[in-house]
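Keep in mind that what you see is a predicted model, and the values were worked out from it rather than measured.
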Amino acid sequence: MTDLLGPRTSQRPRTVGWVTTEATPAAPDASGPDDAEVGRRFAAGDEQALAWAYERWAAQVHGMAVRAFGPGPDAEDVTQQTFVSAWTGRSGFRPEQGPLPAWLVGVARHKIADTWARRDRQRRAAEAAAAEAQRLPAVGPAPVDSAVADRVLLLGELDRLGQPQRGIIELAFFADLTHTQIAERTGLPLGTVKSHIRRTLERLRDRLEVDGAALHA
Amino acid sequence: MRHCTPEDLGLAALGEPLPADEAAHLAGCARCGDEVAALRRGVEALAVPELAAPGPPVAPPPGLWAGIAAATGVGVAPRAHVVAASAPPAGVPDSPPLPVGAGPVPPPADPPLAPVVPLRPRRSRVLLAAAAALVAGLAIGAGAVALRGGDDAGGSGVPVAAATLDPLAESDASGRAEVVERADGTLVLEVDLAAGAPAEGYYEAWLLTESVSGLIPLGVVRTGSEQFELPAGLDLGEYPVVDVSIEQLDGDPTHSGVSVARGQLA
Ligand SMILES: [Zn+2]
């Protein structure tokens, strides 16, 4: 009964175990296993896999960090913390849910958002100190940059999404694909992509309305 | 009046064009417009260039791995020539960094780090909390045991620093840490932990640098009070963060990434 769909399904998977925006293949490296094996060994706690992962993907992670902060200490912190957290938190990596480089990029997004939040705290502290030093009339604490706080909150919410919802919304947010392009890329029906997008956006909206309000208070 | 479908409102929030009749309705309908605005807030927070899929690779400076090795205890190392070859040698993108969302903070004035080992401690307090957040299903036994109270190591030393241990993530663990100096000059860290028994594994205490470029394992903590003699010559200014993690009985001596309580010595 699948014969009718045979030609199509042979071209495109009808279901996706995972969808990703960042499965950049590693440069050929005759001396190590393939990327999937590196991911499995990473998840299993093989230290060599961390070194291989660094060889293959540290430049991608650092490229993101430098794009966000320019070369320097903040970018280096992001890259360093990404690999430290990825390793210490490796029990959160599921090889069957997606490739290791995509997961590393997700961790890097958290570190970038955390660094923005830290800078925002420093900015407010500096402004408060400056106001104090100039004996300005008290105007209350400098406002939190709500976009900065929202990012930290919502990246955490993305972590809670299962597949294929997470891959779909990442393609929309981070690869800037339209829902039509996402359907083509994943082989999922258009209606399925649209309804996953809607549900995820509603979930993010709800998260902001419940926790964002308290965060910004 | 027939409103836009929820699916179309979602696409509109992403900035995708709608069919003409839907777009016309949306332009004139406050209810649909409000919904798009509410959905768009998440799009605007996350769909930013800085978080986009990786662009041009940039080889990290050679010294960066040392901090990762120090923080994880991993004994192997990547091959430096392979890392260096993974990106163009210039190592700097053509375009200047994008403006960040954190307001008018100038970029750090200090120049890029020379390959110093390990990286000098910096500001981040976030440390392993995000890693802990990544661990699905972290479950901590409910019902905190009452804190035993901060008795000063039996009065056998002079208090030099103390920290309140605040719960992290979904943890109910909390407590207090105090460093006392004994008459012979040794430093002792006393940890009072109030926490339910972990569902699996055990609690371990650590001292961390602020940037987690260094971790010092102290030992197993049970609920109640534990004392740890600190290594001679340890600079508490360099390792000011007391961290309590959940470790599994897996023979892995490194930090699990699952921290339940943390505080800064002062
Ligand atoms: Zn309407």
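Interface remark: of the candidates Pro78(B), Gly10(B), Ala47(B), Pro78(B) forms the most heavy-atom pairs closer than 4.5 Å to chain A. When the candidates Glu157(A), His179(A), Arg160(A), Gln48(A) are compared by the number of heavy-atom contacts under 4.5 Å with chain B, His179(A) comes out ahead. When Leu204(A), Leu155(A), Leu201(A) are compared by the number of non-hydrogen pairs under 4.5 Å with chain B, Leu201(A) comes out ahead. With chain A as the partner, the residue from Val83(B), Thr5(B), Leu14(B), Leu11(B) showing the most heavy-atom pairs under 4.5 Å is Leu11(B). Counting heavy-atom pairs closer than 4.5 Å to chain A, the top-ranked of the candidates Ala85(B), Ala45(B), Gly42(B) is Ala45(B).
We find the CG-CZ distance between Leu100(A) and Arg94(A) to be 13.5 Å, quoted to the nearest 0.5 Å.
Side chains of Arg262(B) and Ser259(B): a donor on one and an acceptor on the other come within 3.5 Å.
Contacts of Glu16(B) with chain A are made by side-chain atoms alone, with heavy-atom separations under 4.5 Å and no backbone atom involved. At a 4.5 Å heavy-atom cutoff, the contact between Ala77(B) and chain A is made by backbone atoms alone. Within the 4.5 angstrom heavy-atom criterion, only side-chain atoms of Glu35(B), from C-beta onward, approach chain A.
For the pair Arg123(A) and Asp120(A), the salt-bridge criterion is met [side-chain N within less than 4.0 Å of a carboxylate O]. In summary, Glu202(A) and Arg199(A) do not engage in a salt bridge, as defined by a charged side-chain N under 4.0 Å from a carboxylate O. Ion pairing between a basic and an acidic side chain is recognised when a charged N comes within 4.0 Å of a carboxylate O; Asp35(A) and Arg56(A) show such pairing. Taking the charged nitrogens against the carboxylate oxygens, Asp159(A) and Arg166(A) do have a contact shorter than 4.0 Å, which makes a salt bridge.
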